[in-house]
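Down below is the structure, laid out as structure tokens.
Note: hydrogens, waters and symmetry copies are ignored here, and every other heavy atom, side chains too, is used.
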Amino acid sequence: MVDADWKPSMGFVYGEIKKAKKEIIDALGGNKKAYEPIINIISKKMKGRLDSKLHLTAYLLNPYYHYKDPQLQHDPEVMDAVLEFFDTLFAGDLEMQKQVVTIELPKYKKKMDRFGRELAVKACEVNDGDYDPATWWGTFGGATPHFTKIAIRILSLTSSSSGCERNWSTFEGIHTKKRNRLDGSKMNNLVYVQFNANLMEKNKKRKERNMEVLLANDSHTAQEWIVDCGDCDEDGVGIVGDGQGTDELGQSSRTRELLDEDFASGGEEEVFEEVDYESDGVHIMEECGDKE
């Protein structure tokens, strides 16, 4: 998740690790003796790295978690981290801290104004490829302008340097020993085009992988597409709809024998070319006859 290019991950890191802990506990049947060593390892790795006040603030600002768990806003660890974060962000500016923490933050926590709309709740129910918490704030955070600006900036952050490393790799591929005299602006343009072309190709493949497929449990909904062998023509192709056989929709379940004629084009005639070979001056048949 944090290594991907298709969505900023700062708003999901803490929440997904917390979700993973719960799934581990459930998978081990709630046996404390079995899951406790694993949870301790995860907590030790997180300490001071993935549980900072920035991660916890992003966790609260992500409506996917906040709307799903109403008790999240009452978590003392999370709220302490949020207060410390804004104290650091607006150090010495008590007026701005008051505006953000005591006026605008409660509107989000209590789902007031646009935050309480049915569309706002529906738009953050599922964490899929179309859901982006920063975009959600840009749509429904109009009643809290200062808080919305901060939320968009936080939720647009990445939590890994993989994107930078990919960009550096693209530079290395373009600025080689043979092409080391490229103008700076031209090289930047080439990197921009190549990097974004690769990114578009990755997104295209990801969407293709996420396409819905017909599962076995849903096969009853596609019975009209299945053709009985009794309705097949002599070639084994089913008669569907308008009475014309189609290979895609009405193919028979029995194997169709493939003949050479099946691969011949209907609009072309077979042409036999007579090839004349040049004589090499040797009469092979006569020579063979003499040897016999």
Side-chain angles (χ1 to χ4, degrees), residues 1-21 42-117 120-121 123-124 127 131-168:
M1 179 190 67
V2 299
D3 204 35
D5 290 325
W6 59 284
K7 184 186 296 187
S9 57
M10 181 57 69
F12 297 94
V13 174
Y14 188 85
E16 291 304 304
I17 294 178
K18 190 174 181 179
K19 178 182 176 183
K21 287 182 178 180
I42 298 174
S43 299
K44 184 179 179 180
K45 294 290 185 180
M46 288 181 61
K47 190 66 176 176
R49 297 175 64 248
L50 300 175
D51 59 351
S52 67
K53 51 191 175 184
L54 176 61
H55 287 92
L56 289 170
T57 303
Y59 175 52
L60 176 66
L61 294 180
N62 191 339
Y64 172 71
Y65 301 110
H66 172 58
Y67 280 48
K68 187 175 292 187
D69 182 11
Q71 300 303 318
L72 174 59
Q73 57 182 307
H74 303 299
D75 188 331
E77 183 181 3
V78 174
M79 292 311 303
D80 287 344
V82 172
L83 293 176
E84 290 180 15
F85 174 81
F86 285 110
D87 184 40
T88 304
L89 184 64
F90 301 112
D93 191 350
L94 294 179
E95 190 64 30
M96 181 59 72
Q97 291 185 36
K98 179 182 177 182
Q99 174 68 24
V100 173
V101 175
T102 63
I103 298 177
E104 296 189 1
L105 177 58
K107 291 183 179 181
Y108 170 63
K109 293 168 63 177
K110 297 177 182 179
K111 301 177 184 177
M112 299 170 61
D113 297 326
R114 295 183 185 178
F115 297 123
R117 288 178 174 270
V121 178
C124 62
N127 181 20
Y131 171 66
D132 179 18
T135 303
W136 186 93
W137 273 94
T139 304
F140 302 105
T144 56
H146 299 92
F147 197 70
T148 297
K149 186 177 181 180
I150 298 168
I152 291 175
R153 288 184 175 181
I154 294 175
L155 296 172
S156 298
L157 294 173
T158 60
S159 51
S160 172
S161 62
S162 299
C164 298
E165 293 172 0
R166 294 190 189 98
N167 196 34
W168 298 333

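Contact check for T158 versus V2: no side-chain heavy atoms found under the 4.5 Å cut-off. Here the side chains of K21 and M46 are in contact, with some heavy-atom distance below 4.5 Å. Using a 4.5 Å cut-off on side-chain heavy atoms (C-beta onward), K149 and V100 make no contact. Within the 4.5 Å cutoff, side-chain heavy atoms of P133 are placed close to those of F12. Residues L56 and D75 are not in side-chain contact: their nearest non-hydrogen atoms beyond the backbone lie 4.5 Å or more apart. Side-chain contact between L72 and L60: present, with at least one pair of heavy atoms (C-beta onward) separated by less than 4.5 Å.
We find the CG-CE distance between L54 and M10 to be 4.5 Å, quoted to the nearest 0.5 Å. Distance check, rounded to the nearest 0.5 Å: OG1 of T57 to OH of Y14 gives 11.5 Å. Here the CE-OG distance, from M1 to S159, works out to 6.0 Å after rounding to the nearest 0.5 Å. Within the model, atoms CG of L50 and NZ of K45 stand 11.0 Å from one another, a figure rounded to the nearest 0.5 Å. Here R153 contributes atom CZ and T148 contributes atom OG1; the two are 12.5 Å apart, rounded to the nearest 0.5 Å. Atom CD of Q97 sits about 10.0 Å away from atom OG1 of T102, to the nearest 0.5 Å.
Side chain of T139 to backbone of T135: a donor-acceptor contact under 3.5 angstrom is found. When atom types are taken as modelled, the side chain of W136 and the backbone of Y131 share no donor-acceptor pair closer than 3.5 angstrom. Judged purely by atom type and a 3.5 angstrom limit, D113 has no side-chain atom pairing as donor or acceptor with the backbone of A143. Without hydrogens or angle criteria, T144 side chain to E104 main chain gives no donor-acceptor distance under 3.5 Å.
Between A134 and S156, the shortest heavy-atom contact is CB-OG, 3.6 Å. Nearest heavy-atom pair across M79 and Q73 is CG-O, 3.2 Å. Contact record, P106 with V101: CD-O, 3.3 Å, taken as the closest heavy-atom pair.
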**Report entry** Test side chain to side chain donor-acceptor pair (under 3.5 Å) applied to E16 and Y65, step by step
**Finding:** CA-CA 10 Å; E16 291 304 304; Y65 301 110; 2.6 Å; yes
Requested in this report: Show your working on side chain to side chain donor-acceptor pair (under 3.5 Å) between N62 and K68 and close with a plain yes or no.
Outcome: CA-CA 10 Å; N62 191 339; K68 187 175 292 187; over 6 Å; no
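Residue pairs meeting the ring pair (Phe, Tyr, Trp, His ring centres under 6.0 Å) criterion with at least one member in residues 84-113, sequence neighbours excluded: H66-Y108, F86-F147, Y108-F115, Y108-W137.
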